[in-house]
There are 2 protein chains.
Amino acid sequence: MSTTKPRKATQVAEHLGRLLASGHWPLGTRLPAERQLAEQLAVSRPSVREALQQLISKGMLESRVGGGTYVLSSKPIGFSDPLLTLFRENPEYRFDVLEIRHALEGNAAWYAALRSTDEDKERIRVCFEQMLAVHGDPDPMQEARADASFHLAIVEGSHNLVLLHVMRSLFDLLQNSISHNLDKLYTQPRVFEPLSQQHRELMEAVLAGEPERARQAAEQHLAFVEDSLKSIDADEARKLRSLRHLSR
Amino acid sequence: MSTTKPRKATQVAEHLGRLLASGHWPLGTRLPAERQLAEQLAVSRPSVREALQQLISKGMLESRVGGGTYVLSSKPIGFSDPLLTLFRENPEYRFDVLEIRHALEGNAAWYAALRSTDEDKERIRVCFEQMLAVHGDPDPMQEARADASFHLAIVEGSHNLVLLHVMRSLFDLLQNSISHNLDKLYTQPRVFEPLSQQHRELMEAVLAGEPERARQAAEQHLAFVEDSLKSIDADEARKLRSLRHLSR
DNA sequence: ATCAGTTAATTGGTAATACCAATTAACTAT
DNA sequence: ATAGTTAATTGGTATTACCAATTAACTGAT
């Protein structure tokens, strides 16, 4: 590939990538057909196919023979295909992610308390309010997304770009796999109330610029999430067992 | 894509991916031409192109017009293209990575001390010996790779798969960009000697199954690496300034 | 009007062929 | 041995044709 003349296929991929990132085609949308895209973009169909291949390979699109091409994600998936597959098939790896979050978010909260600008702080506040506003939504994934946005706003306040990327990838991993009991965090009052208080404490520590308090708040929060998920898993397993007992 | 009949292009990409992972084509190797691959694999050239596109998009291969296709990496790059580009163009983001390693490797060392099997411990020992054996090699990247292998062996001992993946991606990120003064860590005796002692202390803490000692060893080591790189950067900047002064 | 079955159209996947621009290899002259 | 020229090779793009799978449209029966 010459540096003086960009590949048409690459240009098409970048153009489509920008449309995806901008939300022009929301998740699940069916894209125009290859022949149509080729005509609209004034390139040949093989060039469109090669561009689509790039985006399919990054986990952003999915093609179905005779059925069209669909949006899977507006951003490249940050983890390799085998890990994503493994994660989808083995939900217990959620606890691996929680272990990592425990280490990273304590650290992020520390740096956010030290480094956040006024804009960062405002964004954290807005995200916290958004979490409260979206509580009780029929679609629990809305709450999960608001929760992720809140945490990512804190990571943004740490001003460590690589950390932000890693955390985004971890949240993508959680959201792109089937959310195994994750919704229960938001729908059980015995979990949501303390959860919400912990979010508030974390936010207040960061806004007050108290790094050690922020770290502790983050670590306690993650420990609580881990314990709650384990307890929810146990409850669900018990329910399943008793349902099986009834059906005999 | 039907689940009953895999795409030819995907099969070719997987086949090539296995050849890459097995080391059949080492880093930098030029692959056979597209026409040749198409003949060898009994598929059409467009199918080969689509397969190559998948691997190019994952950062594993690079194509040059008229010049062939080359191996960039034997594994998919775990980070998205924009971050990789940004990292290559702005070496100061190394310090973002070091901040993250500080958090993650302290954690990994803790769990490795708790969870390592005898096999894990043996692998850690072998990697440590390998680091000593390769010291002074004319190619400092050999030492960087041995260093990475040692740290990854410890992460493997933590038995957290997602953490292993994240750490691999971070090391790939460091090694796939121009190694800005990284070689100086191994070539300056005032740095290498304490570095080697710290590696030994970290290994011994993990092997002895002492989690708190292991965490401290890891964190102190990463702090030393960070300080050393900053000091080396300052030395190099001073040298550059005095060279500029002489050339006037 | 609704539903089921059939047919036609559309879609992504594959292949063959041709040509172009860039690079590499081979050849020739000094 | 080196420099310049030519030929061959390479990746990139385009056109055309065909196939398998899916979707849409149409028709007939209830």
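Residue numbers start from 1 in every chain, and the chains themselves are labelled A, B, ... in the order their sequence lines are given, proteins ahead of strands.
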Below 4.0 angstrom from OP1 or OP2 of [N], is there any side-chain N or O of [X]?
| X | N | answer |
| --- | --- | --- |
| Thr69(B) | dT10(D) | no |
| Ser47(B) | dA15(C) | yes |
| Arg49(A) | dG12(C) | no |
| Ser63(B) | dG12(D) | yes |

Please report, rounded to the nearest Å, how far the [atom2] atom of [N] is from the [atom1] atom of [X].
| X | N | atom1 | atom2 | answer |
| --- | --- | --- | --- | --- |
| Glu62(B) | dT23(C) | CD | P | 12 Å |
| Arg64(A) | dG13(C) | CZ | P | 12 Å |
| Leu61(B) | dG12(D) | CG | C1' | 16 Å |

**Study point:** Lys8(B) or Gly66(A), whichever maps to the more 5' nucleotide of DNA chain C
**Key:**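 Mapping each residue to its closest nucleotide by heavy atoms, the 5'-most match is Gly66(A).
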
Check your understanding: For His159(A) and Asp120(A), does a side-chain donor sit closer than 3.5 Å to a side-chain acceptor?
Key ->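 A pair is found: one side chain offers a donor N or O, the other an acceptor, under 3.5 Å apart.
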
Practice item. Begin with the C-alpha distance, continue with both residues' side-chain angles, and end with the deciding distance and a verdict on side-chain contact (heavy atoms from CB on, under 4.5 Å) for His151(B) and Arg101(B). Key: CA-CA 10 Å; His151(B) 285 281; Arg101(B) 284 184 64 191; 3.8 Å; yes

Point to revise | Whichever of Pro46(A) and Gly67(A) has its nearest DNA chain D nucleotide further upstream toward 5' | key: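 Residue closer to the 5' terminus by nearest nucleotide: Pro46(A).
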
If you check every side-chain atom of [X], which of [options] has the closest atom?
| X | options | result |
| --- | --- | --- |
| Glu50(B) | dT14(C), dT15(D), dG12(D) | dT14(C) |
| Arg7(A) | dA14(D), dG13(C), dT13(D) | dT13(D) |
| Arg45(A) | dA20(D), dA17(D), dA16(C) | dA17(D) |

Review point. Going by heavy atoms in the side chains, are Leu72(B) and Leu61(B) under 4.5 Å from each other?
Key: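 Side-chain contact under 4.5 Å: no.
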
Exercise for review: Report yes if the side chains of Leu52(B) and Ser63(B) come closer than 4.5 Å at any heavy-atom pair, otherwise no.
Suggested key: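 No - every pair of side-chain heavy atoms lies 4.5 Å or more apart.
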
Could you pull out every donor-acceptor pair under 3.5 Å between side chains of residues 21-29 of chain B and any protein atom, sequence neighbours left out?
| from | atom 1 | to | atom 2 | distance (Å) |
| --- | --- | --- | --- | --- |
| Ser22(B) | OG | Arg18(B) | O | 3.4 |
| Ser22(B) | OG | Leu19(B) | O | 2.9 |
| Ser22(B) | OG | His24(B) | N | 3.4 |
| Thr29(B) | OG1 | Pro26(B) | O | 2.4 |

**Study point:** Mutual orientation of the aromatic rings belonging to Phe192(A) and His135(A) [parallel < 30°, tilted 30-60°, perpendicular > 60°]
**Key:**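 Judged by the thresholds at 30° and 60°, the geometry between Phe192(A) and His135(A) is parallel.
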
Check your understanding: For Tyr93(B), what residues pass the ring-ring contact (aromatic ring centres under 6.0 Å, His included) criterion, not counting sequence neighbours?
Key ->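 For Tyr93(B) there are no ring-ring contact (aromatic ring centres under 6.0 Å, His included) partners, ignoring immediate neighbours.
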
Point to revise | Members of residues 28-42 of chain B that approach DNA chain D, where some heavy atom sits under 4.0 Å away | key: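 By residue number: Arg30(B), Ala33(B), Glu34(B), Arg35(B).
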
